Amino acid sequence: MVERRKPIPVIDAVTNVMKHSKLGESEIISIDDCDNRRLAEAIVAKHPVPPFDKSPYDGFALRSIDTKQGAIDHPVEFEVVEHIGAGQIPMKTLKKGQATRIMTGAKIPDGADCVAMFEVCKVYEKNGKNYMSIKRKMKEGQNIVSKASEVAEEEVLIEAGTLINPGVKALLATFGYNNVCVAKKPVVGIIATGTELLDVEDELQPGKIRNSNAYMIMSQIKRAGGECIYFGKLADEFASSYDTILHVLGKVDILITTGGVSVGDFDLMPAIYEKLGAEVLFNKIAMRPGSVTTVAVRGNQLLFGLSGNPSACYVGFELFTRPIIQHYLFNKQPFLKRIKATLQEDFPKPNPFTRFVRSYLTYEGGNIGVKLAGIDKSNVVTSLAHTNALMVLPGGTRGYQRGAVVEVLLVEDMDGQATF
Ligand SMILES: Nc1nc2c(c(=O)[nH]1)N[C@H]1C(S)=C(S)[C@@H](COP(=O)(O)OP(=O)(O)OC[C@H]3O[C@@H](n4cnc5c(N)ncnc54)[C@H](O)[C@@H]3O)O[C@H]1N2
Ligand code: MOO
Ligand SMILES: [Mg+2]
């Protein structure tokens, strides 16, 4: 008699896996190499921004009080006593009736409290000296970017766990982080199992298929922020598979296998887990696809036995492995972001189990819509290429009509959310 497995709810499976999640370590790398890594420590403002009062325009720095009499028919005159560009230090303190010719980004001279743009000033020479005049009143503080107006010293700007995007990188550079403390990537091993598998470069042979799962999963690992090591494919042969898996476990933080987790005669993973002494957390989930997704723990290592069916394999990774990697990388929001979208077509299938439909989002007319990415079958590979979301259709429902509002998980969003 074949083993009967009792399916557990998806949320229980996720909760159970996350009980075994752990934080990774940190490492210091050059700012040049930190794109798309996650910060292991917060970015703190090491100084105020801007660090000095500065001019936002090319113009003249002066004392606003001296423009009190300025009017359209009454220009007020200033002697231009200094000329500074960005990066230069003003040496003169402005006195009554004096101005400094100043460029964008330059430090405001002492005594000045406003900047008049070139466009509102007249410039001329008199007796070999430089002058300017202005036919308007200026206000104190006008056109001055004050020291610390953007950021105060010691302000915490970005939390640990944040993905380093171009803006974060600009902050790192602003505060002199030439070495950046980032989360170390977990090393995730990948093994594809199946006697039917060919390598990518192989010609197709009768009864065989090319191994697509390993390449797909390597890509998913990279998207999730992990480092992958591909250990090749294994024929469905117990002794050699066991030996390889045991050996590989010594080289990785997390191990993913694909295939061989169901109840078939050549599905060897259950027996391999047993011989490894790994505790199987679950091997049947009330979901489609990916119901046979199996997760086992051995010491401090998680072993993800993903289904051989490509769509099931994809979904199993996104729901269970990805949050483990994200948590390892200090992301406080390790789960896929869940939003609502309007179904753009009928989905008449009843759902005895919760269904994660490979979908893609549309953004038309200000509305978020969701369409099927292709054939909704566990053994399908083509729909995955169009997938940017997983539509979540709860178990016990009888199909959905176009126009229904449904929940979707965003697989290409990198912020995530705190709960599943
Ligand atoms: N009697 C039962 N049969 C099956 C059950 C069940 O409950 N009772 N569950 C079905 C479900 S659901 C799934 S999902 C699959 C899971 O199968 P396995 O995880 O054991 O995977 P395999 O048997 O090794 O392969 C399944 C399928 O996937 C293809 N495959 C495998 N590896 C790859 C790869 N690397 N790249 C591309 N395609 C791959 C393989 O050729 C098979 O067609 O079991 C059902 N059966
Ligand atoms: O559990 Mo399977 O992945 O639905 O076809
Ligand atoms: Mg099988």
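Positions are given from 1, in the same order as the sequence printed here. Bear in mind that the values here come from a model prediction, so they are computed numbers and not experimental data. For ligands, and for the atoms within them, numbers begin at 1 and follow the listed sequence.
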Is it the side chain, the backbone, both or neither of [X] that has a heavy atom closer than 4.0 Å to ligand 1?
{"X": "V263", "value": "side chain"}
{"X": "N309", "value": "both"}
{"X": "D267", "value": "side chain"}
{"X": "N379", "value": "neither"}
{"X": "M269", "value": "neither"}
{"X": "D236", "value": "neither"}
{"X": "S262", "value": "both"}

Check if [X] has a non-hydrogen atom at a distance under 4.0 Å from any atom of ligand 1.
{"X": "P289", "value": "no"}
{"X": "G194", "value": "no"}
{"X": "G264", "value": "no"}

[X]: numbered ligand 1 atoms lying under 4.0 Å from its heavy atoms:
{"X": "G259", "value": "19 (O), 21 (O), 24 (O)"}
{"X": "S291", "value": "12 (S)"}
{"X": "K284", "value": "7 (O)"}
{"X": "G260", "value": "18 (P), 19 (O), 20 (O), 21 (O), 22 (P), 24 (O)"}
{"X": "I209", "value": "37 (C), 38 (N), 39 (C), 41 (O)"}

Exercise for review: Report yes or no: is the cationic atom of R338 (NZ for Lys, CZ for Arg) closer than 6.0 Å to the six-membered ring centre of F420, at no more than 45° off its axis?
Suggested key: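 Yes; both conditions hold, so R338 lies above the ring face of F420.
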Exercise for review: Check each protein residue for a heavy atom under 4.0 Å from ligand 2 and list those that pass, ordered by chain and number.
Suggested key: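 Contacts of ligand 2 under 4.0 Å: R288, P289, G290, S291, V292, N309, A312, S378.
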Quick one: does any side-chain atom of [X] pair with a main-chain N or O of [Y] as donor and acceptor, under 3.5 Å?
{"X": "T195", "Y": "D236", "answer": "yes"}
{"X": "T193", "Y": "T258", "answer": "yes"}
{"X": "D58", "Y": "T104", "answer": "yes"}
{"X": "T354", "Y": "G395", "answer": "yes"}
{"X": "N213", "Y": "G308", "answer": "yes"}

Flag if over 12 foreign heavy atoms under 6.0 Å of [atom1], [X]:
{"X": "F353", "atom1": "CZ", "result": "yes"}
{"X": "K222", "atom1": "NZ", "result": "no"}
{"X": "Y177", "atom1": "OH", "result": "yes"}
{"X": "E159", "atom1": "CD", "result": "no"}

Review point. Among R288, R5, R4, E196, which residue places a heavy atom closest to atom 42 (C) of ligand 1?
Key: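 It is E196 that holds the nearest heavy atom.
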[X]-ligand 1 polar pair, N/O distance under 3.5 Å:
{"X": "A192", "result": "no"}
{"X": "S378", "result": "no"}
{"X": "V261", "result": "yes"}

Point to revise | Ion pair D376/R358, N-O distance below 4.0 Å | key: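 Here D376 pairs with R358 in a salt bridge, since their nearest N and O are under 4.0 Å apart.
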Would you say the side chain of [Y] lies within less than 4.5 Å of the side chain of [X], judging by non-hydrogen atoms?
{"X": "P109", "Y": "Q98", "result": "no"}
{"X": "I245", "Y": "M269", "result": "yes"}
{"X": "Y242", "Y": "L276", "result": "yes"}
{"X": "L172", "Y": "C34", "result": "yes"}
{"X": "Y314", "Y": "T387", "result": "yes"}

Review point. What is the total of protein N/O/S atoms that are closer to the Mg ion (ligand 3) than 2.8 Å?
Key: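 Under the 2.8 Å cut-off, the count stands at 2.
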Check your understanding: Among all residues two or more places apart in sequence or in another chain, which pass the salt bridge (Lys or Arg N to Asp or Glu O under 4.0 Å) test with D413?
Key ->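 D413: salt bridge (Lys or Arg N to Asp or Glu O under 4.0 Å) contacts with K337.
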Check your understanding: Partners of D346 by salt bridge (Lys or Arg N to Asp or Glu O under 4.0 Å), sequence neighbours excluded?
Key ->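 For D346, no residue satisfies salt bridge (Lys or Arg N to Asp or Glu O under 4.0 Å) once neighbours in sequence are set aside.
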